[in-house]
Each structure stands twice: as C-alpha cells, then as structure tokens.
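Report on one structure; see the data block that follows.
Convention: sequence-line order gives letters A, B, ...; per-chain numbering from 1.
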Amino acid sequence: MNKTININLAGIIFHLDEGAYKKLTSYLQSIKDRLKGDPGQEEIIADIEARIAELFSEKLDKVKEVINMTDVDQVMSVMGNPEDYESEDDEQTSSSQSNSQTFRNYSSTSHSFGRKLYRNTDDKVFGGVASGLGAYFGIDSVWIRLIWVFLFFTWGTGVLLYIILWIVIPEAVTTSQKLQMKGEPINVSNIERSVKNVGEKVGNMASDPKLGNKIGNFVERVLNAFVSLLNFVLKFAFKIIGIALMILGVLILISFLGAIFGHEIIVVDNMFGLYDVSGYIDRMLVVEEHHSLLILGIVMMMIATVVWLILGGIKLLFNNKTSTKIPLIGSALVSLVGFMIVGYVALSLGRDFRNSASTTRINDVDSINGKVFYLTVNDNRPYEVDDLSDELGWTIAEDGHFHGDIELNIGKSDKDYAFVKEKYKAKGRTKKDALDRAKGMKYSFEQSDSLLLFDDFFKMDSSEKYRNQEMEIVFYIPVGMSIYLDNDMEDIIYDIDNVTNTRDDHMLDHTWLMTQSGLVCTDCSSDFFDEEDDADASRYEQEWNEEAEELEKERLELEKENEELEESQDIERLQQEVEELRKQNEKLKKQKSKNNTGTKTRYTENRGFHSPLYILPVNSPSIVDHNQSYGTRV
Amino acid sequence: MKIENTKAQMRKGVLEFCILSILVNGDAYASDIIATLKEGKMIVVEGTLYPLLTRLKNAGLLAYRWEESKSGPPRKYYSLTPTGASFLKELDTTWNELVKAVEVTTSKK
C-alpha cells in the first residue's frame, strides 16, 4: 500500500506515489536551479512541465491511475539530466545571444551554493560519510578519512561523531541528489570567479552604449552578487558556530561518560570542576546503592542538551533539511526519565534528613590554680585542605571525613571547676539513625597545663555521608576564672555572651573574666569597645571639624568684605559723625580744661570712632544691598 | 580543448538550423519537432530543446499559439516568423557553403 499525492502539472491533476513525487520535485527543482537567472526560466519550466504532463498522460489509462517511480524514471530519461538543460557552453558568436549568454554565465556561478550534504554510498568504507563530506567541501575523501582516524585515537570521538553523522545525513539515492551532493565546491576561487564575472560585465556595459539603458538592471545584478557573497559569509559563520556546538556537545557527552566510568576519561583538567564535584556528590551525599543511579539520571538529563547541541551544530554546518524530530523528541523523553531518576534519588536523600538527634559528652578540665586558660586551635590537622573542600567545609581523607561545622561558646559553670560540654547533632531517616550517626562523630581537645587546644573539625567514618552533622561546644568556667581567646579561635567561636556585648571578632586576643553577671574583659582599654565605630566617628568628626573651620573662615571673609563695603558707603555719614565728634571733642576739651580729667575724654574718643562699625543692625537695608552685589560679583 | 565542447558547438548552430528547417514546412508542436529531431539523431534527450525554443522565440525568430489537446494539456504550436524565414535563408546559404568548404578541404589530399 502506498500513499499517493495529487499534483497539478500544466493544469492537469496527476496521482503520484510518494517516492515518485519526491523524485519529480527534486528533478524539477534542480532544473530550476540550472536555469536560474535565465530570462526565459519560467516559460521554459512551464514548457517542461507541460511536456512531462503529456508524457504522464500517455502512461495512464483506465487501469493504471497512479504515476510511480518507474514512470518518473522513464520521463527523466526522455527529458535528460538537469545539466542537459543548460545549452552548450559556446562562445558569444552572435550578438543576439550575447546578452542571454552573460546571464547564464552569471547564473552558473551564483547557483553553486545550493548544495546539500549526502552520504556517498558509491564510494564508501562504512556509510559513505567521509566521501559525502569530501564532496561537500570539495576535497578528496582521503583527507576526511585521515581526520576520522585521528579522531578515533583521541578518546574515540571520531567513532561517536561518525555514528551520529551516519544516522543524520541522508544517503544520496537519486541522480539529482548525487548531483546536488557533488555540485561545485565552495571555495575562495569560486567567489573570486563570481566577483570577476560581475567585473567583466561592468566592462561590457561601459563599452557598449546600446546597453546604457540597462544599467539599472545591471546594478541590480551587482547587488545580487553582493547579497550572495554576504550570504556565503553568513553561512560560513553559521558553519563555524555549528562546529563549535558539535564540539561542545561531544565534550559534554565525553565528560559525562567519564563520570559514569570512574573518571578515567578527562577531557580538560577539572573541566567545570565536574570531576571533583561528582566525586564529592558520590562520597558526601549519596548512599552506595544510589550512586550509579544518580549519575545515570544526570547523564540522561544531559542527553537532550547534548543531542540538541550536536544536531543543531550539524544543521547549521551542513544546512541539512532532514527532519530531526525523532532524535529531538527521543532525547527529550530520555532526559525526562533522567529527571525523574534524579528526583527519586533526591527524594530518598531528603528522607535521610527527616529526623534529628543529638548526644552530649562532658569532659572535665584539669584545675590550673588561678592561672588564665589560653584557648587556641590545634593546627595539627591530620588532612590537607584543597580549594573545593575548603569551600564545602568537608574534607574526604583516606581514613575518614572531616567536617568543620563547629560552634564554640563560653558559659558559666555551676560547679567550682571548668569543663567542656560537647554536643553532637546529626540527621537521619529515623531518630535512631540520627542518634547513631551523632554518636559516631569524634572530636577532641588537648590540655597541657593552662593551654587548651581545640580541633576545628570533627571526624566521621569513611562510610559516613553528609547528614547535616554539626557540633556545639561550650567551655564552662566557674566565676572568678579567666580565659584568653587566641586569634586562631575566630573560626570556631560563635556568639559568646559577655557583659559588654562585644562582638566575637573583637573578643579575640583579650582576656576575659567570668563574673556573676557574665564575661568581662580585663585587658581591654576603655575606648576599646566598638573600636571601629569609634574610629569611624572620629574620622567623621575630623571631617566635620575641617568643614566647619572652612565655613568659619569663609564667614569671616564675607564679614570683612561687608565691613569694607559698609565703610566705603557710610564714609560720608562717618565723616559727618567725625565732624560731630570733633565738635563734641572740642566741647569736651573745653570741659576738660575746666575739669582737668584726661581719662574720660580718651574713652569717649574711642567709642566715637568705633560705634558705626559695631552698632550696625544686622538686617539693615544696606546689608541686603551688599549681599546682592556680592552675589552678582560671584 | 575538449572534444565534447567542439562537438557541442558544431551541433548547436546546426540544431537551430534544423529547428527552423522543420518549421518551414509547416507549423509544429514541440513534441513534433522533438520527434523529427530524435529521428534524425540530432538530439538524445528532450531537455535540450526547451531552453533553445524559448530563446529562438525571444529572439523573434519563432512565434507560437496555444492549441487544445485531447490527450493532455494545451500545446504550443510553433511557427516561423518572417525574421525567422530570412534567418533560415541565410543559414541555408551558410550551410551549403560550409558543406562545400568541408567537402573541398577534406577531399584535398
């Protein structure tokens, strides 16, 4: 049973089966491509279609109603190959034909980009991918095969890529597909040729005045040439992007394969930190039986991305129109399953965090007879810390896991001696799991006389996973006892209560005495508290003071200026006043000669000269005037 | 210098001459012209002819009209224009000259 397709050829309806239809369509298309640019193209195609319709009609009768492949093949053999449609490449002998000739020359170079990638099964080793690629890029397939061999030895990339290409690239079956496959190679010399052709035409136009009126037409063609050149450049860029996408896809795939098969394949050193991260997920979070499942799930999730990248790359690279629906949807489904697997693992992981439990251990501290306890961190770490574990606070070592989630506090002992209380906390699927886990955590501190060395980590068995294990340590000291916090303690102390509400980082490097009301600093200077704030404040204060000084200076200058202006304006009044004063003076002199007392006279004299400057009212009209004049001067 | 090119060039001029000669005896369908040309082994496949007919028509040497067909789509019925006729006459002369020239040159030994 075959599907038939109805077509309309020169006004007559024909039933074609699917294969025949495809063949006929590509045949007509390649003829069209051949004739592109020919002024009579449409007419010629119409004639050809009419002729094909005629030939088809001859083949049909009352019994046979459908055109099949054989019919199309016969018609094609009658009509000839697409290249027969291009009339023979003769020299421009007659003037009547020179014009159309130029057209065809032009078109024969511009249509060469419409080539497709097929597998060449006529020249194959496995699937004809290499020879197909060779034909596409216009190079000998030997080179492509050498590249495959090379890629085969580089982590087997070639095999993978080859299989993908084999699946994706269609085989060249029909003559027209084989023609499309071979076509003209896209290379620099071809572009050069098409540009040169345009150049030649420019020359022809200039030398032939008859063609002057066709300049417009010609400009259009030059523009077309540029468009096709631009097109080519764009396509080239797309191809580069395509290659990049494919490489990215393959790299991701390989690195994930590496993750499954035990990190044996490492493409780039620590690519995306994938190697380390998967190791940490493996050993920190996931229980053994889920490990492979999780990795499988993640890889399945990534498959859609990888397949889409590679297919997208191929599509861009080879301009391939093959339907990729099935791999796209298929990979999306696989990814969905992967997503569900990861979800399942995550849910089961989540259940391990459902219950929490804690256990407490108390360690007495030897008495030190009134000396100060010196608290510091034991820097004798049994493991090395790399960047990643430093970030996670979790270190995997040969003999166990080390974790640094510790909070140390200082408390008031209700007994007359000091002791350390260690509280271990963990989560688990059941209360019992959590408690067992908490009991399995190991922590130690050392005492040598007054020196107390605290570890900044606790240890767990190698089989242990991260289940939110944490520790609270409280160092209880009786009233009257003192401690000194070393700078190293910064990482493990947490919110230590004290009378002055001093922050943890400010408590370091100081001695603290336990009193009835809490810890009090015994060696902090009085201005020590909130040093930083003080420093800030004093800095601001200084700035403000400087600013204030400057303002003051300005104010004084203005005042001085005011005074000067005042003086010059009031000079008349002053002179009058001086006159008056002189009169007064004379009067007083007369009085003086009568009374014989000098001091009083001097006093009056002084007051008289100074009074106009000081008595002036602040909001007198004269001041307003000065301000205005001052303003405009600035 | 390819033998194929030379052959094709020789054939091309002659092909135009043949088409015009067929039409001087009376108007004809494309398929008739093809049939005659095939008979004389001038062409092998039909594809070659259609671009040529269109080109001759565009050059004003041929004209056509549509004729209904019983067995298929309407057909183009080609005829010679006066220009075509004089074109043919010239070609005829040239052809005869060529034949003579070839005869003379090839028989002289």
Side-chain angles (χ1 to χ4, degrees), chain A residues 8-14 27-28 30-32 34-35 37-61 74-101 103-104 107, chain B residues 1-17 19 29-35 37-38 42-62 64 66-78 81 83-84 86-87 90-91 94:
Chain A
N8 171 358
L9 215 52
I12 299 176
I13 290 173
F14 292 98
Y27 179 65
L28 284 173
S30 44
I31 293 172
K32 257 182 215 169
R34 279 273 158 191
L35 296 172
D38 194 307
Q41 186 209 17
E42 275 174 39
E43 195 175 353
I44 296 167
I45 294 288
D47 286 350
I48 289 162
E49 285 187 355
R51 178 61 180 159
I52 292 173
E54 222 168 53
L55 291 170
F56 278 168
S57 324
E58 284 167 16
K59 295 197 180 293
L60 298 175
D61 51 42
Q74 278 171 11
V75 166
M76 275 167 66
S77 72
V78 170
M79 298 300 288
N81 283 334
E83 66 260 44
D84 291 326
Y85 286 83
E86 214 174 19
S87 63
E88 295 83 341
D89 234 6
D90 53 353
E91 298 303 310
Q92 303 186 5
T93 42
S94 69
S95 60
S96 71
Q97 290 205 329
S98 71
N99 205 18
S100 65
Q101 198 64 43
F103 268 108
R104 275 182 291 113
S107 68
Chain B
M1 192 82 180
K2 274 188 187 166
I3 182 71
E4 292 305 321
N5 281 351
T6 318
K7 273 190 195 168
Q9 277 176 38
M10 283 171 85
R11 201 185 288 270
K12 181 170 161 55
V14 180
L15 187 56
E16 286 168 17
F17 176 47
I19 292 168
Y29 300 115
S31 46
D32 294 337
I33 301 171
I34 288 162
L37 287 173
K38 271 186 172 172
M42 266 307 293
I43 55 167
V44 185
V45 289
E46 297 187 11
T48 326
L49 196 71
Y50 292 95
L52 192 54
L53 280 175
T54 309
R55 224 160 278 137
L56 289 172
K57 184 213 73 183
N58 288 345
L61 305 179
L62 297 182
Y64 71 86
W66 289 104
E67 293 254 328
E68 289 299 325
S69 158
K70 283 168 207 158
S71 63
R75 298 158 152 191
K76 276 179 174 173
Y77 205 51
Y78 285 96
T81 60
T83 334
S86 60
F87 195 85
E90 272 187 48
L91 281 183
T94 319

inquiry  = So for Y64(B), is it side chain, backbone, both, or neither that comes closer than 4.5 Å to the heavy atoms of chain A?
reply    =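 For Y64(B), side-chain heavy atoms alone lie under 4.5 Å from chain A.
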task = Give, as side chain, backbone, both or neither, the part of S31(B) having an atom under 4.5 angstrom from any heavy atom of chain A.
result =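 Both backbone and side chain.
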task = Would you name the heavy atoms of I44(A) and P51(B) that are closest together and state the gap between them?
result =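 Taking every non-hydrogen atom into account, CD1-CA, 3.5 Å.
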message = A quick test of your reading: do over 12 heavy atoms of other residues, nucleotides or ligands sit less than 6.0 Å from CD of Q74(A)?
response =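 Above 12, so yes.
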Heavy-atom pair count under 4.5 Å with chain B, highest-scoring of S77(A), G11(A), G80(A) =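 Going by pairs under 4.5 Å, I would pick G80(A).
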key: Contacts of type side chain to side chain donor-acceptor pair (under 3.5 Å), residue K76(B), not counting sequence neighbours   =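 Result, side chain to side chain donor-acceptor pair (under 3.5 Å) vs K76(B): E43(A), D47(A).
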inquiry  = Under the side-chain contact (heavy atoms from CB on, under 4.5 Å) test against E46(B), which residue among I52(A), V78(A), I48(A) passes?
reply    =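 Exactly one candidate clears the test, V78(A).
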